Number of protein chains: 4
Amino acid sequence: MTQLVNEGNAMRADAQRNRARILAAADEVFAAKGAAASTEEVAAKAGVAIGTVFRHFPTKNDLLTALMKELVRELAAEVESLVRQGDPATSLFTFFAHLVERASSRKTVVDLLGVDIRVSEQLQLLREAVGILLDQAQAAGVVRSNVLLDEVMALLAATSQGALHSGWDADLRERTLAIIFTGLRSAQL
Amino acid sequence: MTQLVNEGNAMRADAQRNRARILAAADEVFAAKGAAASTEEVAAKAGVAIGTVFRHFPTKNDLLTALMKELVRELAAEVESLVRQGDPATSLFTFFAHLVERASSRKTVVDLLGVDIRVSEQLQLLREAVGILLDQAQAAGVVRSNVLLDEVMALLAATSQGALHSGWDADLRERTLAIIFTGLRSAQL
Amino acid sequence: MTQLVNEGNAMRADAQRNRARILAAADEVFAAKGAAASTEEVAAKAGVAIGTVFRHFPTKNDLLTALMKELVRELAAEVESLVRQGDPATSLFTFFAHLVERASSRKTVVDLLGVDIRVSEQLQLLREAVGILLDQAQAAGVVRSNVLLDEVMALLAATSQGALHSGWDADLRERTLAIIFTGLRSAQL
Amino acid sequence: MTQLVNEGNAMRADAQRNRARILAAADEVFAAKGAAASTEEVAAKAGVAIGTVFRHFPTKNDLLTALMKELVRELAAEVESLVRQGDPATSLFTFFAHLVERASSRKTVVDLLGVDIRVSEQLQLLREAVGILLDQAQAAGVVRSNVLLDEVMALLAATSQGALHSGWDADLRERTLAIIFTGLRSAQL
DNA sequence: GATGAATGAGTGTTCATTCAT
DNA sequence: GATGAATGAACACTCATTCAT
């Protein structure tokens, strides 16, 4: 039985609390300033000493990766819920829009896709989840059948990055996604 | 009248040559390693001393900005030539594809959008140029008339970033752009 | 009556066991990596928590010192046994050779002389023991009578350190000691 | 033509001065506190910023190695002068005594022989020099002919380390070396 | 008494920027 | 103008030591 959520088996209460605090602080800090922000700042925002951060995440990269895992986990959970209770015809678009909206204010979401972190492994999970949404949408006939998961993931990444780096507002986001969704839906010209 | 960022007006011959060399080196270095690469490395590749780099570009950011300007200028020139001699119906798509292809191998193209550089100003030029291509395409009836320049620019930026950070290969690039182009062309569902 | 450095008098059974484990682990770890190895590593090898190490030895230095005491005690015991049952004419040389051989594989033996530990006090015991061997050897006429204990101790320390730091093999060790032993035996020129 | 002394070909005057200052400071600091002393302290004593130290010696190890080279060079020079103008029968002993005397106050001399620095290469030079002294002494009949260079080097290292770590005073040094010299001179018992 | 999480000063190293040569 | 040495703040990471659990 694979567990998606597990990272604190047998940990003292205070340690768990600190781990959570650090992750939260890291999320905020890296979301605002990107992965280049200093670990020291994360510690400060979490209200712990620098050593504590490194005890929980021996490397800055480990911290970044943990953040990433957490994010992927949340996203996967969201997909799962959409699969279970959402409208198969629109779930893909709903999720797509939501992710991009989220990315527009969180540098983390985006930075993590780049750099030297071996994301692949983590992203695999998300990829599979999105694959289900795509299947559903294609089964419902609202997405062309020759669209591959690769392109959907690529568009997802691209728009997430675009939304962040270029600071799209809600309106622009909507209009831009509309074009992409149209591209996914309609018959090739 | 001294200017912080000289650009070619009234400059000793060797200074001009150095400026050009530095820009070329910076392009290479930053393209390969991203904006995080050290100025020292740029100087080395340019074959000048570090002081010379800082004399021409008082700040690393100034160097990055200059690179950006140069890039925009090239792109604008390309657009202009397309406007003059290209097929109005396909020029937008041609340019779009070309930019993204270029971005996929040049970290610069993309990173520059990220830093703290106020791109807006520089991008204005490019924006106007692309505006012309869009007008042409809409006039030719191959792009829906309710598509705004904003969305086109957003898609341009997003795919450039996506192409680089996620390392799209030629095939994925083509398939992804096909979806976007379809979205631009067809009638909204 | 609480004592800073407990040594076995009135101690819970498990505490005694832990103390012994820690000393054994420390011996191994420091022998292999020198005194610069981390206390944490010692704790790990001993299978106890870091706090336990510091409860038994309030300072890293205290741990090092205890190790030293232990070593001196063992050596003194060895000397005692030689005094009781060995050949008075060769015991000094036997002990000398054995100590150096041992030093060549145990960084501890040597490093401990380096730190800031005031060895003198601990070494007194060993010194007295070696003094007996020297007396015996001089009585047997195999060591010049004007050789003082000071020099013997100095040579002992020097060769121990040399053997370790320079990594003497058995052959080199033997040949080098042969020279020293000759120096101790023969008449001054 | 091999050059023993070369390290500053084409260097700005101030850079040379600083390099020398740093080496001098490093010698003092490491001599007093051992190789574990901080680079920062070296910088402070040299009166330069920390960056300057690292510009000249990109790694702490590089600094240590440079110190070592310098030391070996001096020693080799001393040997060379002894070979040229000294009494072949006593030069080896003179040099031996001098090195140990020096070591007794300089942790550097000794620390450098240990740790992870690849000394071998550097020591080769010194080894060869001492080899000449040994040959001379054996030719003069004052050192047994079956004494090998290996043992002499081993004794040299051992006594240097001993002299330092155990803090021999002049008298003890003399008496201890007397025993070793006797061992080298007389016929094996 | 044992545990192991938290602390925080300290270390080696990098790099944008300044300035004497 | 060009050179390249000097500066020093910043950073990731380590480790002896303390203390709440």
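Only a predicted model underlies this, so the values are computations on that prediction, with no experimental measurement involved. Order of the sequence lines sets the chain letters (A, B, ...), proteins ahead of strands, with each chain counted from 1. When reading the values below, keep in mind they use all heavy atoms of this one structure, side chains included, and skip hydrogens, waters and symmetry mates.
Residue pairs meeting the side chain to side chain donor-acceptor pair (under 3.5 Å) criterion with at least one member in residues 44-59 of chain A: none, sequence neighbours excluded.
In this model, the phosphate group of E:dG1 is not approached by any side-chain N or O of C:His56 to a distance below 4.0 Å at OP1 or OP2. For F:dA2, one of the phosphate oxygens OP1 or OP2 lies less than 4.0 angstrom from a side-chain nitrogen or oxygen of B:Asn18. Contact check, B:Thr52 against F:dT3: a side-chain N or O comes under 4.0 Å of OP1 or OP2. Phosphate proximity of F:dA5 to D:Arg55: present, with a side-chain N or O under 4.0 Å from OP1 or OP2.
A search for salt bridge (Lys or Arg N to Asp or Glu O under 4.0 Å) contacts involving A:Glu40 returns nothing, not counting sequence neighbours. For B:Ala20, the side chain to side chain contact (heavy atoms under 4.5 Å, CB included) criterion is met by no residue, not counting sequence neighbours. The side-chain hydrogen bond (donor to acceptor under 3.5 Å, both in side chains) search around D:Glu74 returns D:Arg102, not counting sequence neighbours. Under the side-chain hydrogen bond (donor to acceptor under 3.5 Å, both in side chains) criterion, D:Asp62 pairs with no residue at all, not counting sequence neighbours. With sequence neighbours excluded, the residues forming a side chain to side chain contact (heavy atoms under 4.5 Å, CB included) with C:Phe54 are C:Thr39, C:Ile50, listed by chain and number. Taking the side chain to side chain contact (heavy atoms under 4.5 Å, CB included) definition, one finds that B:Glu41 meets it with B:Val29, B:Lys33, B:Ala37, B:Ser38, sequence neighbours left out.
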Per-nt protein contacts along nucleotides 11-21 of chain E (heavy atom under 4.0 Å; B base, S backbone sugar-phosphate only, - none) come out as SSBB-SBB---
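Base-pairing analysis of DNA chain F finds the following stems of at least three consecutive Watson-Crick or G-U pairs, with both pairing distances under 3.5 Å: E:2-21 with F:2-21.
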Starting from the C-alpha separation in whole Å, work towards a yes-or-no answer on side chain to side chain contact (heavy atoms under 4.5 Å, CB included) for D:Gln16 and D:Arg19. CA-CA 5 Å; D:Gln16 287 235 30; D:Arg19 198 191 130 92; 5.7 Å; no
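Counting to the nearest Å, the C1' atom of F:dT3 and the CD1 atom of B:Ile22 are 12 Å from each other. For the pair C:Asp62 CG and F:dA16 P, the computed distance is 13 Å after rounding to whole Å.
Within residues 41-49 of chain A, no residue has any heavy atom under 4.0 Å from DNA chain F.
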